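Take a look at the structure below.
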Amino acid sequence: MNYNHKEVEKKWQEIWEEKEVFKASNNSDKPKYYALMEFPYPSGAGLHVGHPRGMTALDVIARKRRLEGYNVLYPMGWDAFGLPTENYAIKNKIHPRIATDQNIKVFKRQIKSLGFSFDWSREIDTTDPSYYKWTQWIFLKLFEHGLAYKSKATINWCTSCKIGLANEEVEGGKCERCGGEVVQKEKEQWMLKITEYADKLIEGLKETNYIERVKTSQINWIGKSSGSEVNFNIKGTDKNIKVYTTRPDTLFGATYMVIAPEHPLVQEMAEKLENLSEINMYKEEAKKKTDFERTELVKNKTGVELKGIKAINPVNNEEVPIWISDYVMMGYGTGAIMAVPAHDDRDYEFAKKFNIPIRQVIAEEFLGEGKDKIREGKPFAKRKNVHVIVKHWSEEKILYLDWGKHGWKSLVIGGIEDGEKAEDAAIREVKEETGYQDIRSVKAFGFEYHSKFYAVHKDINRHAIVSTVVIELESDEYIEPKKQEKELHLAHWIDIKGADKVIDVKDNLGELYTFINGETPYTGDGVLINSEFLNGLKVEEAKEKMTEWLIEKGIGQKKINYRLNDWVFSRQKYWGEPIPMVHCDKCGYVPVPYENLPVELPYVKSYEYTDTGESPLAKMTDWIKTTCPTCGGEAKRETDVMPNWAGSSWYYLRYMDPHNDKEIASKDVIKYWDKVDWYNGGMEHTTRHLLYARFWHKFLYDIGVVPTSEPFNIRTSHGMILASDGNKMSKSKGNVVNPDEIVDAQGADTLRTYEMFIGDFEKTVAWSENGVNGCRRFLDRVWKLSDKVILGDEYSKDTESMIHKTIKKVTDDYENMKFNTGIAALMTLLNKYNEKENITDADYKVFLTLINPVAPHITEELWTIKGYKGMINEQAWPKYDKEKLVDDTIEVPIQVNGKLKAKIVIDKDEEEASVLEKMRCELQGMFDGKEIVKEIYVKGKIINVVVK
RNA sequence: GCCGAAGUGGUGGAACUGGCAGACGCGCUGGACUCAAAAUCCAGUCCUGUUAAAGGGGUGCGGGUUCGAUUCCCGCCUUCGGCACCA
């Protein structure tokens, strides 16, 4: 018989369906396993070859689990609300309902043709009123618990889609979907208080087994930072400005303040401001800028000073100017900052541009290492030092001192005497130590630092407070240095590039780098200076002390901030779940009573959007008109709908009990299925979707609907599949591979095998037609192998240990999503079988079972053709015997000085002495005239002989 | 700029905990079968060298640790992701 994939695949898909082979039971004695693949968005484009990648991976797991004796839930459904369908419907003038049904039909046929073991009796559709009834139910619960609120807020407005976007939907200042310009617009929006769960969402990750990458992206997305809020009084008023800072330790260095353009202070202080019109002009300009411009023009800072008012720095009562600038955002912290130009890149840049004073309050601290390591027991001698970078008059060179017998190579260094300026000390030291006299210019660095090291020539520990000065020499005018200086060290010229590798005194290097790379503010760790009661403390200690001080004085408090904002939950669109609220002039916003759910989406004929940004539902006057559930008076329905993240935030619960019309799912059933054991989806959903779903789940846990605080145990993400040209598949590029064509020409099993074999599951890969052919050839060989099978229910002796190894390899690899190497191991085993005249039934059975999760149709057929009992999906997953993983004889490589020279065959338990004897025999003559230094034998692995 | 991941033949990619680099697939070369082609089967395929071998080199670059490094450490370069004036 020939391998006709079309017949075989059709036949088995019908049998599986008819016998309900993959139906999950809600009560079973078997252990449960819940495998979940992200449900697709049924777009008009049909199934992409990327979809089957994740579906096959989890299908392999699901099928393997069934063979291992689990009651497996592996469901599928449709995430069908959303903009693409709505846009498609407008363009093609059909109703989104009809478009959705058509798309689902195509997707379902395509997915079914691939033979996944989905339990189709649990299929769900987020646009089905019997489903979104419960999405609305959850919204009402959120409202009931104060987590849904309507708020007038500036939102991201896509000028092209005419829709409000969540921060999450804006990429680089452009709309994520259409690429249109995004501007800020004020709008009343329903919001969900996800920020209230920010900490729980970070903490909860500990309970999960997500891949590390997913965990970190969740944490980064939430963006927790802890710091302090500090109040700055405005001079001569009772008003103050509240700022948020993570660096309260630098308060003494705060030389100005900046407020965001939208900050209400300008309004409040309008009367006092001398340059109000200039400020208002700046505000107007800032408003016009799109987010894109605002973030792209990072380098060129702009701003206007608020003239006529000053703030008071609470730590030293100094008056500081207040500026308005769009480098401060209203949406983060308090919308105002204290600026510390000496220790913040942005503040530094701004201060340089507008000539605002820069005051250093943190000194970098270098601790001596190596030769100049601090000596225990020796006292510290404190003094002010200058380190001098002496530039050559014409070449890119600097001077260094070689300290001869002390083994130092340093910059020109020396002490600063009382009352002396660092620049003067530098000139004096250069003249004394090097002999060069003719100095052209002197530049002192703004930053000083602390250096602790052992001064070898004086035999003391030195604690130097170092200033750095750059000196340029005019010419080589030279006077012999004093005898004492000359004997101590010699001066040499060295290229600036690479100088840091020669000058090995650690405490010089920081400034040397700064000199080479240009002056920058110091943002690192260090010791406080110029800060009164904080002087001498380290940054962390100073933060604490300052915070305590602020609290004590009632000026500030501890504060935690998040990058995460509340979730904008309104969309002014048609194709989404109606938000189940009504507005009554008397009672305000009133929830629709639970018993009146679902609020069904009315059938509208027109989907054209108004420029006012109203939902198309706003035109449905009949639908809008309703009565207030509280007072019975006239009321209006909410016309905003939910974003398409809503339906997907809880769908995994509905699969457990999809036809329940009393609850989202029955308590017992939720308890039985517990967490999703393994959830796989696209990389693009590892932040938003996953965060939203976890948020809702945690809320449902808090109100007692679900018994677990986290919804998913394992989370993995598959990589994208690109076209063979390395680009994204797209109609316009004409490089789209349609899965239907592969299934038709080569078969579903071939496509499945290829997608698993294509490469690292988590990586992006390019499609390869030749790769598909290779997988088909492999399956052809599996088919032909059946001709070699002879009777025998034991493994052939000569392949026994290889079979056991393969079982182990395949079992482990499937579990770790390393399908490519698992399949490679099976290919290797097949090649081995093919070298032989015959194989036994047992040899063949184990092979078929191992490849069955990947290629289920062909293995079922071969199982039946060979007349084996039952169906292959009813068999047990093969087990390996640890003892049989090791061969009786082992080939051991011999290295000489780490280079492979020969190989010998030894017995698996052979003694070391005997092995080494064999080795000497093998390498006879190779050691003539050489001395064997060492013989290393790693049991059963390798021999290495070291000779001289 | 910050964070993360990765760099291995012509190509997709393997290599346990530091132990034979290149498994497996693709492509390519030669052969068998065929009137011929396709398909299939057999052999070869990191580079250099050679009739063949021996020998030498080789996992982005430069150092280091080790009997031994794709793997560990230090310093660079490049690519791809994520975040991006987050105070």
Side-chain angles (χ1 to χ4, degrees), chain A residues 171-173 212-213 216-217 219-221 223-225 227-228 243-248 250 254 257-258 260 294-301 325-329 331-340 343-347 349-350 500-501 523 561-565 683-684 686-687 719-720 724 753-754 757-760 762-775 777-778 780-781 784 809 812 818 820-831 834 891-903 933-947:
Chain A
E171 266 174 18
E212 215 42 49
R213 205 154 33 109
T216 30
S217 59
I219 289 168
N220 290 343
W221 195 270
K224 182 176 180 171
S225 88
S228 306
V243 302
Y244 172 73
T245 178
T246 56
R247 295 294 304 273
T250 61
M257 302 187 76
V258 188
R294 207 167 150 167
T295 51
E296 274 312 289
L297 304 171
V298 172
K299 283 169 204 99
N300 199 2
K301 297 233 175 338
S325 171
D326 62 6
Y327 88 83
V328 172
M329 306 286 154
Y332 184 80
T334 60
I337 61 158
M338 63 177 214
V340 185
H343 305 291
D344 181 279
D345 293 305
R346 297 148 299 168
D347 298 344
E349 197 193 323
F350 192 85
D500 51 322
K501 295 208 168 62
T523 54
N561 252 307
Y562 301 94
R563 196 192 81 98
L564 185 74
N565 289 323
M683 265 314 289
E684 69 276 20
T686 54
T687 44
M720 270 197 310
S724 49
T753 307
Y754 173 64
F757 187 63
I758 191 168
D760 189 327
E762 291 184 359
K763 275 197 197 137
T764 301
V765 282
W767 188 262
S768 155
E769 204 182 315
N770 281 324
V772 180
N773 294 337
C775 289
R777 278 206 279 271
F778 167 61
D780 281 335
R781 287 201 292 271
K784 265 188 231 155
K809 176 86 178 144
D812 294 348
K818 292 169 80 177
N820 53 340
T821 48
I823 293 169
L826 286 165
M827 288 174 169
T828 311
L829 183 61
L830 177 75
N831 292 345
N834 267 331
E891 197 184 42
V892 177
I894 305 170
Q895 294 180 336
V896 176
N897 289 339
K899 280 183 186 149
L900 182 69
K901 290 290 170 185
K903 287 178 185 182
V933 182
K934 210 171 175 186
E935 286 170 337
I936 297 144
Y937 174 56
V938 182
K939 192 170 185 299
K941 284 250 170 91
I942 201 162
I943 304 166
N944 194 11
V945 187
V946 188
V947 297

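A quick note: this is a predicted structure, and the numbers were derived from the prediction, not measured. Naming convention: chains lettered A, B, ... in sequence-line order (proteins, then strands); numbering from 1 in each chain. All heavy atoms count here, side chains included; hydrogens, waters and symmetry mates do not.
Between the CG atom of Asp345(A) and the P atom of A84(B) there is a distance of 18 Å, rounded to whole Å. At whole-Å resolution of the value, CG in Asn770(A) and P in C28(B) are 8 Å apart. Counting to the nearest Å, the P atom of A84(B) and the CZ atom of Arg346(A) are 14 Å from each other. When rounded to the nearest whole Å, the span between OH of Tyr332(A) and C1' of C83(B) equals 13 Å. In this structure, Lys901(A) places its NZ atom 14 Å from C1' of A53(B), rounding to the nearest Å. As rounded to whole Å, 11 Å separates atom P of G56(B) from atom CG of Leu900(A). Spacing between atom CD1 of Ile942(A) and atom C1' of A15(B) amounts to 14 Å, rounded to whole angstrom units. Whole-Å rounding puts the Glu769(A) CD to U11(B) P distance at 20 Å.
Without hydrogens or angle criteria, Asn820(A) side chain to Ile758(A) main chain gives no donor-acceptor distance under 3.5 Å. Of the possible polar contacts, none joining the Tyr754(A) side chain to the Glu769(A) backbone as a donor-acceptor pair under 3.5 Å is found. Looking only at distances, no side-chain donor or acceptor of Asn561(A) sits under 3.5 Å from a matching main-chain atom of Ser225(A). Checked by atom type and distance alone, the side chain of Asn897(A) pairs as donor or acceptor with a backbone atom of Val947(A) at under 3.5 Å.
Residue Lys941(A) places no side-chain atom within donor-acceptor reach of the base of C20(B), judged by atom type and a 3.5 Å distance cut-off alone. With hydrogens and angles ignored, a donor-acceptor pair under 3.5 angstrom links the side chain of Asn944(A) to the base of C67(B). The base of C20(B) lies close enough to the side chain of Lys903(A) for a donor and an acceptor atom to sit less than 3.5 Å apart.
Put simply, Arg247(A) has no side-chain N or O that comes within less than 4.0 Å of OP1 or OP2 on C86(B). In this structure, Lys899(A) does not reach the A54(B) phosphate: none of its side-chain N or O atoms is under 4.0 Å from OP1 or OP2. A sub-4.0 Å separation between OP1 or OP2 of A84(B) and a side-chain N or O of Arg563(A) is present. Within the structure, every side-chain polar atom (N or O) of Arg781(A) is placed at least 4.0 Å from both OP1 and OP2 of U40(B).
Using cut-offs of 30° and 60° for the angle between ring planes, the Tyr244(A) and Tyr332(A) rings count as perpendicular.
Taking each heavy atom of Ile337(A) and Tyr327(A) in turn, the nearest pair found is CD1-OH, 3.8 Å. Across Ala825(A) and Lys809(A), no two heavy atoms sit closer than the pair CB-CG, 3.7 Å.
In this structure G7(B) sits in a base pair with C77(B), meeting the Watson-Crick or G-U test at under 3.5 Å. Here C41(B) sits opposite G31(B) as a Watson-Crick or G-U wobble pair (both hydrogen-bonding atom distances under 3.5 Å). The partner of G55(B) is U48(B), by the rule that a Watson-Crick or G-U pair needs both atom distances under 3.5 Å. When both distances must be under 3.5 Å, the Watson-Crick or G-U wobble mate of C20(B) does not exist. For G68(B), there is no paired nucleotide, since no Watson-Crick or G-U wobble pair has both relevant distances below 3.5 Å.
For the atom pair Met338(A) CE and Asp347(A) CG, the distance stands at 9.0 Å (nearest 0.5 Å). Interatomic distance, Leu900(A) CG to Gln895(A) CD, rounded to the nearest 0.5 Å: 6.5 Å.
Residue contacts shown for Thr246(A) are limited to sugar-phosphate atoms, with no base heavy atom under 4.0 Å away. No engagement by Asn897(A) is indicated, since no non-hydrogen atom pair under 4.0 Å with the nucleic acid exists. Residue-level contact check: Thr828(A) touches the backbone only, with heavy atoms under 4.0 Å from sugar-phosphate atoms and none from bases. The residue Val258(A) sits apart from the nucleic acid: no heavy atom pair falls under 4.0 Å. Counting non-hydrogen atoms under 4.0 angstrom, Lys818(A) reaches the backbone sugars and phosphates but no base. Heavy atoms of Lys763(A) sit nowhere under 4.0 angstrom from any nucleic acid atom. Residue-level contact check: Thr245(A) touches the backbone only, with heavy atoms under 4.0 Å from sugar-phosphate atoms and none from bases. Backbone-only engagement by Gly774(A) is indicated by non-hydrogen atom pairs under 4.0 Å involving sugar-phosphate atoms exclusively. Among the atoms of the strands shown, only primed sugar atoms or phosphate atoms (P, OP1, OP2) are found under 4.0 Å from some heavy atom of Val946(A). Residue Ile758(A) is in sugar-phosphate contact alone, with no base atom involved, counting any heavy-atom pair closer than 4.0 Å across all strands shown.
Distance from the side chain of Met329(A) is smallest to C85(B) among A21(B), G19(B), C85(B). Between C85(B), C83(B), C3(B), one nucleotide has an atom nearer to the side chain of Asn220(A) than all others, and that is C3(B). When the nucleotides C20(B), G19(B), C3(B) are ranked by their closest atom to the side chain of Glu891(A), C20(B) comes out on top. Comparing C3(B), G13(B), C20(B) against the side chain of Asn820(A) picks out G13(B) as the nearest. Listed nucleotides: C20(B), U40(B), G12(B). Nearest to the side chain of Arg777(A): U40(B). Picking from G25(B), A14(B), C20(B) the nucleotide with the shortest atom distance to the side chain of Asn831(A) gives G25(B). When each of A14(B), A15(B), G19(B) is scored by its nearest atom to the side-chain atoms of Asp760(A), the top-ranked nucleotide is A14(B). Listed candidates were C41(B), G27(B), A87(B). Nearest to the side chain of Ser225(A) is A87(B). For Val328(A), taking side-chain heavy atoms from C-beta onward, the closest of the listed nucleotides A87(B), A23(B), C24(B) is A87(B). Closest contact between the side chain of Tyr244(A) and the listed nucleotides A87(B), C20(B), G19(B) involves A87(B).
When the nearest nucleotides of RNA chain B are assigned to Met827(A) and Ile936(A) by heavy-atom distance, the more 5′-ward of the two goes with Met827(A). Map Thr764(A) and Asn773(A) each onto its nearest nucleotide of RNA chain B; the residue landing nearer the 5' end is Thr764(A).
Against the 90° criterion about 0, the sugar-base torsion of G9(B) places it in the syn range.
Taking atom P on both A14(B) and C85(B), the two are 36 Å apart, rounded to the nearest angstrom.
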